[in-house]
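The next block holds one structure in the form of structure tokens; read it before the comments.
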Amino acid sequence: SSVSMVLFHMMKHAWDNYKRYAWGLNELKPISKQGHSSNLFGNIQGATIVDALDTLFIMEMKEEFKEAKEWVEKNLDFNVNAEISVFEVNIRFVGGLLSAYYLSGEEVFRKKAVELGEKLLPAFNTPTGIPWALLNIKSGIGRNWPWASGGSSILAEFGTLHLEFVHLSHLSGNPVFAEKVMNIRKVLNRLDKPEGLYPNYLNPSSGQWGQHHVSIGGLGDSFYEYLLKAWLMSDKTDEDGKKMYYDAVQAIETHLIRKSSGGLTYIAEWKGGLLEHKMGHLTCFAGGMFALGADGAPSDKTGHHIELGAEIARTCHESYDRTRMKLGPEAFRFDGGVEAIATRQNEKYYILRPEVIETYMYMWRLTHDPKYREWGWEAVEALEKHCRVDGGYSGLRDVYNNHESHDDVQQSFFLSETLKYLYLLFSEDDLLPFEHWVFNTEAHPLPVLHKDDGNKEENQK
Ligand code: DMJ
């Protein structure tokens, strides 16, 4: 369609500028036209290349895919003295390489994914086997974020390894990867959960929760996502993952989901029993998650979960619509007389995040209500108007302002997620159909491991 062409050209603009000004570096600074290095990846380079591979493939940008593959072959190097975020490297690099392998069948991606997976294994050397957040991939020494409650690991970090590690075992024939993530499950299942909720912090040495803060946004989000997707990716055989997911959603509904006086459903944050009536942009992914999980919900709840997804999508769309730039803030509140609006200056930024568009894509696929494509198109127009600059795409410092103040970062997830989910929103349902593919939390598609597949490779598009 013509929208697909627009999205193709957006990808091309993002990619060409990265290539011109920041090739081989992690990300692009589109205003200063130079590389941007985030310490999340240590000295590992090329985040944008690895994150973009599958989007290039899906959009049939063959030349670009080829040059990206050649860069991976020649330059992607994990033998570096670097302290990295285990979570970020897993979702972007391992996830990106796995998807590139499954889509293209090119052996180099499989090899690199397994090699990187092996580098991450020392992170699990803790008394409980709950991995460290940070790992020096040369020395194998791990530690946690200095800011994390009582030396804890983070739920959304150690809970977002499962899909990739199951595939690493599948592709390498080495069960160690799957064992590591199954052990995380075991530790979690042994613990008492306050009101059935999972706190964001867990100490890897004592095996005890840190602060009782619960979030479906930052620090918690993709843990819940991976419970559901682990079950779906196992061809619905992973009963543990299924039970943990639906039990968690039940507790979330009871304790975190509220409706504003204006009728907007939102997901609050829970702090030791008290609610903070704030919803993060990150939390907006949950609309899509609820809808994706509707099918497997306990009897008579299917419609309810779709409805919940639709309500969250509507609320998140309102958070966009109530800004000047029609792009949503980092966090919005439901107190002090406002609804779905950011009230603090440091919550008014938009960094090209995908979650709202991700939810539109799931809602579209699962309901075909045309409003989701309309809302997606509004986001495309806003991105073109406010985020597109000569040197690529930039985030914004304040979406309520009349004039753009650019943050000068083209996040790698803009190419892997935001543009991919938009492209899928405007494509037919048989492009990466949900029966055969699940998306990791960085939007990298991984094939469902069908019961009767044996080792046969998936290569369907
Ligand atoms: C991405 O790296 C992933 O979507 C992650 O789950 C959350 N943060 C960014 C996008 O906002």
- prompt: Do side-chain atoms of H406 reach the backbone of H386 as a donor and acceptor pair under 3.5 angstrom?
  reply: yes
- request: Flag the pair Y102 / H167 as yes when their ring centroid distance falls below 6.0 Å, and as no otherwise.
  value: yes
query: Between T343 and K348, is any pair of side-chain heavy atoms under 4.5 Å apart?
result: no
message: Between I49 and W23, is the side-chain contact (heavy atoms from CB on, under 4.5 Å) condition met? List the steps.
response: CA-CA 8 Å; I49 298 179; W23 185 246; 3.7 Å; yes
field: Criterion side chain to side chain donor-acceptor pair (under 3.5 Å) on N401 and R324, from CA distance to verdict
entry: CA-CA 6 Å; N401 227 321; R324 170 70 68 150; over 6 Å; no
message: Can you tell whether the side chains of E417 and R353 come within less than 4.0 Å, N to carboxylate O?
response: no
- line: Heavy-atom closest pair (T265 atom, T315 atom, distance to 0.1 Å) is O-OG1, 2.5 Å
- line: Output for pair (S99 OG, L446 CG), nearest 0.5 Å, gives 5.0 Å
- prompt: For the residue pair D221 and A156, what are the closest heavy atoms and their distance?
  reply: OD1-CB, 3.4 Å
query: Would you call the rings of Y372 and Y360 parallel, tilted or perpendicular, where under 30° means parallel and over 60° means perpendicular?
result: tilted
- prompt: Got more than 12 heavy atoms from elsewhere within 6.0 Å of NE2, H403?
  reply: no
query: Under a 4.5 Å cut-off applied to non-hydrogen side-chain atoms, are L425 and R373 in contact?
result: yes
field: Derivation of the side-chain contact (heavy atoms from CB on, under 4.5 Å) call for W364 and D429
entry: CA-CA 9 Å; W364 163 258; D429 296 352; 4.1 Å; yes
- prompt: Which atom pair, heavy atoms only, marks the closest approach of L116 to I44?
  reply: CD1-CD1, 4.5 Å
message: Main chain of L264, side chain of S260: is a donor-acceptor contact present, judged purely on distance under 3.5 Å?
response: yes
task: Given side-chain contact (heavy atoms from CB on, under 4.5 Å), test W375 with V356 step by step and report yes or no.
output: CA-CA 10 Å; W375 293 352; V356 175; over 6 Å; no
message: Under 4.0 Å between a side-chain nitrogen and a carboxylate oxygen: does that hold for R110 and E107?
response: yes
query: Is the closest basic N to carboxylate O distance between E442 and R92 below 4.0 Å?
result: yes
is_close_aromatic(Y226, Y245), centroid dist under 6.0 Å: no
message: A side-chain contact here means heavy atoms from C-beta on lying under 4.5 Å apart; do V409 and L28 qualify?
response: no
task: To the nearest 0.5 angstrom, please state how far the CG atom of N440 sits from the OG1 atom of T160.
output: 9.5 Å
task: Salt-bridge test for E83 and R143: reply yes if a basic N is under 4.0 Å from a carboxylate O, no otherwise.
output: yes
- request: Would you indicate whether the side-chain heavy atoms of L419 and F414 approach each other to under 4.5 Å?
  value: yes
- prompt: Going through the checks in order, is the side chain to side chain donor-acceptor pair (under 3.5 Å) test met by Y393 and H13?
  reply: CA-CA 8 Å; Y393 288 88; H13 184 66; 5.4 Å; no
field: Worked verdict on N75 versus Q45 for side chain to side chain donor-acceptor pair (under 3.5 Å)
entry: CA-CA 9 Å; N75 301 291; Q45 296 297 322; over 6 Å; no
- prompt: Within the distance-only criterion (no hydrogens, no angle test), does the side chain of N144 pair as donor or acceptor with the backbone N or O of G151 below 3.5 angstrom?
  reply: yes
Minimum side-chain heavy-atom gap T359-M363 below 4.5 Å: yes
query: Aromatic ring centroids of W145 and W132 under 6.0 Å?
result: no
message: Can you tell me how the ring of H212 sits relative to the ring of W270, calling it parallel under 30°, perpendicular over 60° and tilted otherwise?
response: parallel
field: Salt-bridge contact D407-R397 (side-chain N to carboxylate O under 4.0 Å)
entry: no
field: Aromatic plane relationship, Y320 with H281 - under 30° parallel, 30 to 60° tilted, over 60° perpendicular
entry: tilted
message: So that I can tick it off, tell me whether E381 and K326 are bridged by a salt bridge, with the cut-off set at under 4.0 angstrom between side-chain N and carboxylate O.
response: no
Aromatic ring proximity, centroids under 6.0 angstrom, F158 and F87: no
- prompt: Near N402 CG, under 6.0 Å, is it more than 12 heavy atoms from other residues, nucleotides or ligands?
  reply: yes
- request: Would you confirm whether the ring centroid of H444 sits within less than 6.0 angstrom of the ring centroid of F439?
  value: no
- prompt: Would L232 and L292 count as a side-chain contact (heavy atoms from CB on, under 4.5 Å) if you check the C-alpha gap in whole Å, the side-chain angles of each, and the deciding distance to 0.1 Å?
  reply: CA-CA 10 Å; L232 294 173; L292 180 65; 3.7 Å; yes
message: Does this structure show an ion pair linking E311 with K259, if we count only N-O contacts that are shorter than 4.0 Å?
response: yes
message: Does N43 form a side chain to side chain donor-acceptor pair (under 3.5 Å) with N81? I'd like the steps, not just the answer.
response: CA-CA 7 Å; N43 284 336; N81 183 1; over 6 Å; no
- prompt: Looking at E115 and K111, does any basic side-chain N land under 4.0 Å from a carboxylate oxygen?
  reply: no
- prompt: Is it true that K12 and E64 make a salt bridge, defined as a side-chain N closer than 4.0 Å to a carboxylate O?
  reply: yes
query: Are the side chain of S222 and the backbone N or O of E225 linked by a donor-acceptor pair below 3.5 Å?
result: no
task: Establish, yes or no, whether a centroid distance under 6.0 Å links the rings of F165 and F124.
output: yes
query: Do S38 side-chain atoms and L40 backbone N/O form a donor-acceptor pair below 3.5 Å?
result: yes
message: Treating Y201 as the side-chain partner and L219 as the backbone partner, does any N or O pair qualify as donor plus acceptor under 3.5 Å?
response: no
- prompt: So with a 6.0 Å cut-off around CG of D295, is the heavy-atom count from everything else above 12?
  reply: no
- prompt: Is the closest basic N to carboxylate O distance between K271 and E276 below 4.0 Å?
  reply: yes
field: Atom pair CE (M279) and CD1 (I267), whose distance is rounded to the nearest 0.5 Å
entry: 4.5 Å
query: Rounded to the nearest 0.5 Å, what separation is found between the CZ atom of F109 and the OG atom of S104?
result: 5.0 Å
query: Any idea which heavy atoms bring S215 and E269 closest together, and the distance?
result: OG-OE2, 2.9 Å
query: Is the number of heavy atoms from other residues, nucleotides or ligands under 6.0 Å of K19 NZ greater than 12?
result: no
task: Could you tell me whether E339 and R333 make a salt bridge, using a distance below 4.0 angstrom between a side-chain N and a carboxylate O?
output: no
query: Does CZ in R258 sit with more than 12 non-hydrogen atoms of other residues, nucleotides or ligands closer than 6.0 Å?
result: yes
- prompt: Do M325 and L396 come close enough that some side-chain heavy atom pair is under 4.5 Å?
  reply: yes
Side-chain heavy atoms of N26 within contact of S412, under 4.5 Å: no
message: Between R185 and D238, does any side-chain N to carboxylate O distance fall below 4.0 Å?
response: yes
query: Less than 4.5 Å apart, any side-chain heavy atom of T48 and any of F413?
result: no
statement: dist K29:NZ -> S37:OG (nearest 0.5 Å) comes out at 8.5 Å
- request: Supply the atom-to-atom distance L98 CG to L171 CG, rounded to the nearest 0.5 angstrom.
  value: 6.0 Å
